[in-house]
Visitor: 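First the structure, then my questions, so here it is.
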Amino acid sequence: MKKLINSPDNVVKEALAGMAAAHPDLLTVSYDPDIIVRADGPVKGKVGIISGGGSGHEPMHGGFVGMGMLDAACPGAMFTSPVPDQMLAATKAVDGGKGVLHIVKNYTGDVMNFEMAAEMAAAEGIEVAAVVTNDDVAVKDSLYTAGRRGVGVTVLLEKIVGAAAQSGADLAEVKRIAEKVNAQGRSMGMALTSCTVPHAGKPSFELPDDEMEIGVGIHGEPGRRRVKLASAAEIAEMLATPIVEDLPFASGDHVLAFVNGMGGTPLIELYLMYNELNTILKAKGITISRNLVGSYITSLDMAGCSFTLLKLDDELTKLWDAPVHTPALRWGV
Amino acid sequence: MKKLINSPDNVVKEALAGMAAAHPDLLTVSYDPDIIVRADGPVKGKVGIISGGGSGHEPMHGGFVGMGMLDAACPGAMFTSPVPDQMLAATKAVDGGKGVLHIVKNYTGDVMNFEMAAEMAAAEGIEVAAVVTNDDVAVKDSLYTAGRRGVGVTVLLEKIVGAAAQSGADLAEVKRIAEKVNAQGRSMGMALTSCTVPHAGKPSFELPDDEMEIGVGIHGEPGRRRVKLASAAEIAEMLATPIVEDLPFASGDHVLAFVNGMGGTPLIELYLMYNELNTILKAKGITISRNLVGSYITSLDMAGCSFTLLKLDDELTKLWDAPVHTPALRWGV
Amino acid sequence: MHITAAHVITFIERVAATVKEQRDYLTQLDSAIGDSDHGVNLDRGFSTVITKLPGVADKDIGAILKTVGTTLVSTVGGASGPLYGTAFLRAGMATGDRFELGPADLIAALEAALEGIQSRGKSTRGEKTMIDSIGPGIDALKQANAADEDFLSAMRIGLAACEAGMQATIPMLATKGRASYLGERSIGHQDPGATSAFLMAKAMLEVAEGIS
Amino acid sequence: MHITAAHVITFIERVAATVKEQRDYLTQLDSAIGDSDHGVNLDRGFSTVITKLPGVADKDIGAILKTVGTTLVSTVGGASGPLYGTAFLRAGMATGDRFELGPADLIAALEAALEGIQSRGKSTRGEKTMIDSIGPGIDALKQANAADEDFLSAMRIGLAACEAGMQATIPMLATKGRASYLGERSIGHQDPGATSAFLMAKAMLEVAEGIS
Ligand SMILES: Nc1ncnc2c1ncn2[C@@H]1O[C@H](COP(=O)(O)OP(=O)(O)O)[C@@H](O)[C@H]1O
Ligand SMILES: Nc1ncnc2c1ncn2[C@@H]1O[C@H](COP(=O)(O)OP(=O)(O)O)[C@@H](O)[C@H]1O
Ligand SMILES: [Mg+2]
Ligand SMILES: [Mg+2]
Ligand SMILES: [Mg+2]
Ligand SMILES: [Mg+2]
């Protein structure tokens with residue numbers, strides 16, 4: 001295992017210390033329970049927005065703490081949902097008197113831990129609402145299963161909902177917008193290589209030199225199927241088609257297209273994939289009116305990418321364009 | 001070789017098409033010769049700033065085209081200096097009547113190609129000045145060698161000099177500031193893995209599982225020495241000490257600390273390394289007053305990192321803080 | 001059989017030791033159909049539990065189990081944290097302030113634990129989760145106990161059923177938890193949670209064998 | 001020996017073919033002490049040169065060589081682009097508007113090329129670059145020619161010296177070009193540029209052998 005770390009046990013805390021040292025103007029970090037809180041929070045009279053999940057997906061979520069996005073993030077152990085103590089501490093820390101929204105990705109662990117935290121927060125008199133993202137079309141959806149994973153839409157949702165809260169929307173309104181983003185967004189990912197979890201010390205799965213995984217999540221779990229390596233154009237097709245067909249996205253739609261790197265993918269390849277996606281959507285009459293290209297929701301050192309499409313209307317576009325000031329996303333300020 | 005590409009021959013052009021499609025508000029791309037030009041350029045009465053180098057180092061340089069940074073970038077073939085036709089076309093495209101600065105990294109190829117372009121531009125009556133960055137302390141400097149490589153300082157220099165030009169400085173003043181940045185900055189890098197150049201199809205060097213390269217550049221060339229894998233703290237020491245001793249940086253200095261990923265390094269490791277660097281500098285009485293953490297000058301899919309320290313004074317700090325609006329760096333706007 | 005608070009503490013210590021010993025094995029099972037952390041998660045939790053035990057050494061069994069439960073909730077994370085945490089919490093609520101448990105009390109505590117897992121995890125048997133080893137284990141234990149077997153042999157029968165349940169997860173298609181994302185590809189692998197639950201049941205039998 | 005414009009074109013075509021054939025070998029040499037692109041760079045350049053040759057088929061030798069030079073400058077990039085580009089440009093300037101070259105003209109053109117490389121690259125012999133094969137090759141050719149050898153055998157002697165010079169780069173410590181960044185670690189590897197220069201010299205001899 002080749003990593004810039006001291007010991008698997010300390011990766012999360014030491015990286016948190018690095019974030020705290022690098023961004024004192026934007027955020028503060030508390031330990032045990034570990035939370036990353038907006039430096040100028042809690043913002044009085046604003047709905048607090050928190051999110052969280054396992055570590056290893058950086059910059060998500062800690063890199064999205066700041067004005068116009070998250071008020072706090074709860075980083076769990078590597079690829080492990082945080083514990084309720086973290087969400088409770090974060091909820092209390094960001095409560096500005098107008099309630100708190102929990103942004104939860106649909107993983108059994110995340111959902112249960114956030115649920116327990118919400119019960120505890122309610123017991124302490126804080127109004128909490130939750131949105132669960134489940135945008136991964138690689139997973140078949142059903143009432144009788146754990147359902148779809150929350151992936152790329154989470155990043156877009158945190159930005160858009162953060163803007164709504166910043167503009168003064170109340171908890172019900174923030175929750176409505178959150179659910180709308182989740183309903184209008186779809187994602188799918190693929191991996192060229194496995195990632196290596198520090199504690200495991202070796203790749204999560206073995207992938208021959210001429211094969212790739214289609215339909216992976218962000219935790220080094222194998223995907224839906226293993227296929228022969230293909231060209232960028234073919235891979236783009238394998239990701240875009242299921243996304244477009246699922247919502248479905250239709251000719252005339254305006255979308256935000258998000259091409260995401262998995263952590264070990266060079267930016268030049270992401271722009272090349274964006275070019276392929278752009279070509280595919282153009283042919284379908286779908287217009288990309290906003291985009292995001294980069295590694296924002298990652299899976300440690302995995303090489304690969306994911307596509308996310310979010311159907312835009314005026315409301316969502318305006319919220320996307322609103323100023324944001326976090327370590328990983330910044331504009332308008 | 002596992003890459004999101006269609007064919008090694010088309011990587012650069014297709015990624016350029018992706019950049020053009022993703023950032024029409026910021027830049028336009030012309031082909032043959034390939035150049036990336038600021039969308040609202042040439043800016044009348046402003047010194048034009050251009051840079052360039054081989055592709056494979058994204059976001060450098062194309063990702064730095066925009067308000068407050070570069071007016072144009074010349075992307076060469078993969079890891080190959082661009083040709084004079086590109087620099088000449090870029091120089092003409094950005095000439096706003098106050099002359100053009102060429103930012104050149106000190107590689108034999110880059111230097112010679114930029115020299116030829118400058119001769120051609122002069123023949124066409126455009127005033128050109130050049131700055132050559134050579135900040136890599138891993139390379140021994142001497143009058144009788146090719147000298148040191150230009151690496152991380154190039155990114156900081158492009159931002160700072162871009163701000164100076166944006167604020168109306170003339171060519172001589174812009175050149176003075178460029179030389180000051182280069183004189184006050186030092187870098188050193190390391191690699192955990194080799195990168196794979198698409199045309200070569202296999203890693204540029206073989207590195208056993210328990211070894212790493214110290215003192216690498218950004219072209220997949222082997223480093224100065226190969227040593228056993230070490231902890232993040234030890235690696236930070238191996239990079240920081242030669243940098244600090246070289247300038248030298250001294251107690252009481254204020255610096256901009258830049259922790260850079262090589263392209264295949266997850267962000268969580270970069271923050272962990274930033275934490276180590278912060279600890280080392282604190283112990284030496286050196287204050288980090290600005291920082292940049294991320295993958296900005298990369299070497300395709302190489303895993304590893306580099307440190308760059310730039311000694312700051314009020315002039316450089318103000319220029320660093322000035323607004324910038326490019327695909328890869330944006331603030332204040 | 002009389003199970004004292006001291007026996008419960010011995011049981012917890014043995015679970016913690018087993019989890020540490022089997023950490024990499026559990027993590028490896030999780031890497032096939034999950035995210036390579038199950039052993040690491042449980043080890044982090046039970047290592048902390050161990051540090052809490054001295055503080056409850058003189059407390060009733062309910063207090064001990066509830067401390068284990070809240071500690072697991074606060075330190076394990078992932079899916080198994082809330083699930084095992086809830087299990088120990090509910091078992092603690094079922095035993096209440098008693099300092100000694102008989103067979104019926106133990107069975108009641110185990111049933112409360114299982115119910116807790118099911119309501120927290122919204123899962124039923126056959127979905128390739130920890131309840132696929134726990135459920136059959138408790139069933140068999142109850143049945144054997146009702147058939148008037150010696151309680152220790154009833155526990156042995158329960159453990160065998162638990163193990164069989166664990167192995168039965170191999171051909172199952174996962175519909176709950178992280179393995180469900182793999183669809184058909186989840187088939188052919190033993191569920192990590194069903195395995196850790198079996199290891200805990202085994203520790204329980206070993207402690208019981210020391211009592212009689 | 002009379003070298004015509006047609007011979008020069010044949011030479012360029014042969015160089016282009018050799019470079020394509022040896023592309024991966026040159027790139028591999030460059031991966032040991034450089035950045036894995038030398039063969040790719042030259043192949044890109046000479047492939048473009050080939051498309052330009054029909055346009056100068058009826059031109060004088062100077063025009064042909066200058067077209068090769070400017071095309072290389074415009075397409076190769078890296079260090080070798082300006083260096084080989086300048087070399088062909090200078091050779092073209094030396095031959096001027098002639099349609100035929102004798103031995104002395106060829107030697108003058110080669111010397112002009114070498115001078116161009118040295119002034120553009122600010123390099124001297126012994127620095128582990130292309131001039132370490134080109135320089136000795138030209139020296140030996142001149143010496144043999146002055147000793148009144150048959151020009152074709154003089155060229156053979158020159159090529160042997162060029163090859164020896166190429167091999168002599170192996171133990172050298174690089175002080176110019178990208179290999180210089182490696183310091184001591186540059187020792188033990190053959191310089192890619194010295195190798196491509198030898199391949200061009202070999203192509204030149206082969207064409208000459210076809211003339212006599
Ligand atoms: N809904 C559920 N009900 C019961 N058990 C579950 C459920 N979801 C997951 N599990 C159990 O949890 C185990 C995984 O635990 P762990 O790896 O620690 O958490 P995570 O899946 O969040 O990484 C699975 O092997 C399974 O036995
Ligand atoms: N200053 C120089 N003078 C002469 N030849 C040089 C010089 N620098 C580099 N070279 C030659 O160029 C070759 C490398 O060419 P190439 O790989 O195409 O360019 P780059 O080094 O820019 O990648 C080296 O092997 C060497 O022979
Ligand atoms: Mg997990
Ligand atoms: Mg090169
Ligand atoms: Mg797991
Ligand atoms: Mg090279």
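Every chain is numbered from 1, with letters handed out A, B, ... down the list of sequences.
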Visitor: Against chain B, work out which of A:Ala20, A:Gly18, A:Gly63 has the most heavy-atom pairs shorter than 4.5 Å and name it.
Guide: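 Looking at each option in turn, the highest pair count goes to A:Gly18.
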
Visitor: Output the option from A:Met1, A:Arg290, A:Glu211, A:Met212 having the highest count of non-hydrogen pairs under 4.5 Å with chain B.
Guide: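 Counting heavy-atom pairs under 4.5 Å, the top option is A:Glu211.
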
Visitor: Under 4.5 Å, counting heavy-atom pairs only, tell me which of A:Ser7, A:Ala22, A:Ala17 racks up the most with chain B.
Guide: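 Among A:Ser7, A:Ala22, A:Ala17, the one with the most close pairs to chain B is A:Ala22.
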
Visitor: Which heavy-atom pair separates A:Ala230 from A:Met238 by the least distance, and what is that distance?
Guide: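 Taking A:Ala230 first and A:Met238 second, the nearest heavy atoms are CB-CE, 3.8 Å.
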
Visitor: For a quick test of reading the model, state the closest non-hydrogen atom pair linking A:Pro222 to A:Glu213 and the distance between them.
Guide: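 Answer, listing the atom of A:Pro222 first, then A:Glu213: C-OE1, 3.8 Å.
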
Visitor: Please find the pair of heavy atoms, one from A:Cys195 and one from A:Phe79, that lie closest to each other, and give the distance.
Guide: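 Of all heavy-atom pairs spanning A:Cys195 and A:Phe79, the closest is SG-CE1, 3.8 Å.
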
Visitor: Test your reading of the model: is there a side-chain donor-acceptor pair from B:Thr241 to the backbone of B:Glu237, 3.5 Å cut-off?
Guide: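 Yes, the answer is positive, given that a donor and an acceptor are paired below the 3.5 Å cut-off.
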
Visitor: Of A:Asp34, A:Leu16, A:Val12, which meets side chain to side chain contact (heavy atoms under 4.5 Å, CB included) against A:Ser55?
Guide: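 With A:Ser55 as partner, A:Asp34, A:Leu16, A:Val12 yield a single side chain to side chain contact (heavy atoms under 4.5 Å, CB included), made by A:Val12.
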
Visitor: So which of A:Lys2, A:Met19, A:Glu58 has the largest heavy-atom pair count under 4.5 angstrom toward chain B?
Guide: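 Answer, by heavy-atom pair count under 4.5 Å with chain B: A:Lys2.
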
Visitor: Suppose a student defines contact as a heavy atom less than 4.5 Å from any heavy atom of chain A. Which residues in residues 261-276 of chain B would they list?
Guide: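 Within residues 261-276 of chain B, the residues under 4.5 Å from chain A are B:Gly263, B:Gly264, B:Thr265, B:Pro266, B:Leu267, B:Ile268, B:Glu269, B:Tyr271, B:Leu272, B:Met273, B:Tyr274, B:Asn275, B:Glu276.
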
Visitor: If you count heavy-atom pairs under 4.5 Å with chain B, which of A:Lys13, A:Met190, A:His23 comes out on top?
Guide: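 Most pairs with chain B among the choices: A:His23.
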
Visitor: Which atom pair, heavy atoms only, marks the closest approach of A:Leu27 to A:Val65?
Guide: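 That closest heavy-atom pairing would be CB-CG1, 4.2 Å.
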
Visitor: With only heavy atoms counted, which part of B:Leu229 is less than 4.5 Å from chain A, the side chain, the backbone, both or neither?
Guide: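 Contact with chain A: side chain only.
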
Visitor: Could you please state which residues from residues 324-333 of chain A sit under 4.5 angstrom from chain B, measuring non-hydrogen atom to non-hydrogen atom, sorted by number, or 'none'?
Guide: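 Those residues of residues 324-333 of chain A which have a heavy atom under 4.5 Å from chain B are A:Pro327, A:Arg330, A:Trp331, A:Gly332, A:Val333.
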
Visitor: Given heavy-atom pairs under 4.5 angstrom as the criterion, report whether the side chain, backbone, both or neither of B:Asn6 touches chain A.
Guide: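 Both parts, heavy atoms under 4.5 Å.
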
Visitor: Report, by ascending residue number, the residues of residues 196-209 of chain A in heavy-atom contact with chain B at a distance under 4.5 Å; give 'none' if the set is empty.
Guide: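 Hits under 4.5 Å: A:Leu207, A:Pro208, A:Asp209.
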
Visitor: Quick check: closest heavy atoms across A:Ser51 and A:Glu158, and the distance to 0.1 Å?
Guide: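 Shortest heavy-atom separation between A:Ser51 and A:Glu158 comes out as OG-OE2, 2.7 Å.
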
Visitor: Of all the residues in residues 293-310 of chain A, which have a heavy atom that comes within less than 4.5 Å of a heavy atom in chain B?
Guide: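 Only A:Val293, A:Leu300, A:Asp301, A:Gly304, A:Cys305 of residues 293-310 of chain A have a heavy atom under 4.5 Å from chain B.
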
Visitor: For chain B, which of A:Thr193, A:Asn278, A:Val11, A:Ile235 has the most heavy-atom pairs under 4.5 Å?
Guide: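 Most heavy-atom pairs within the cutoff with chain B belong to A:Val11.
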
Visitor: Measure B:Met60 against the heavy atoms of chain A and call it side chain, backbone, both or neither at under 4.5 Å.
Guide: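 Neither part, no heavy atoms under 4.5 Å.
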
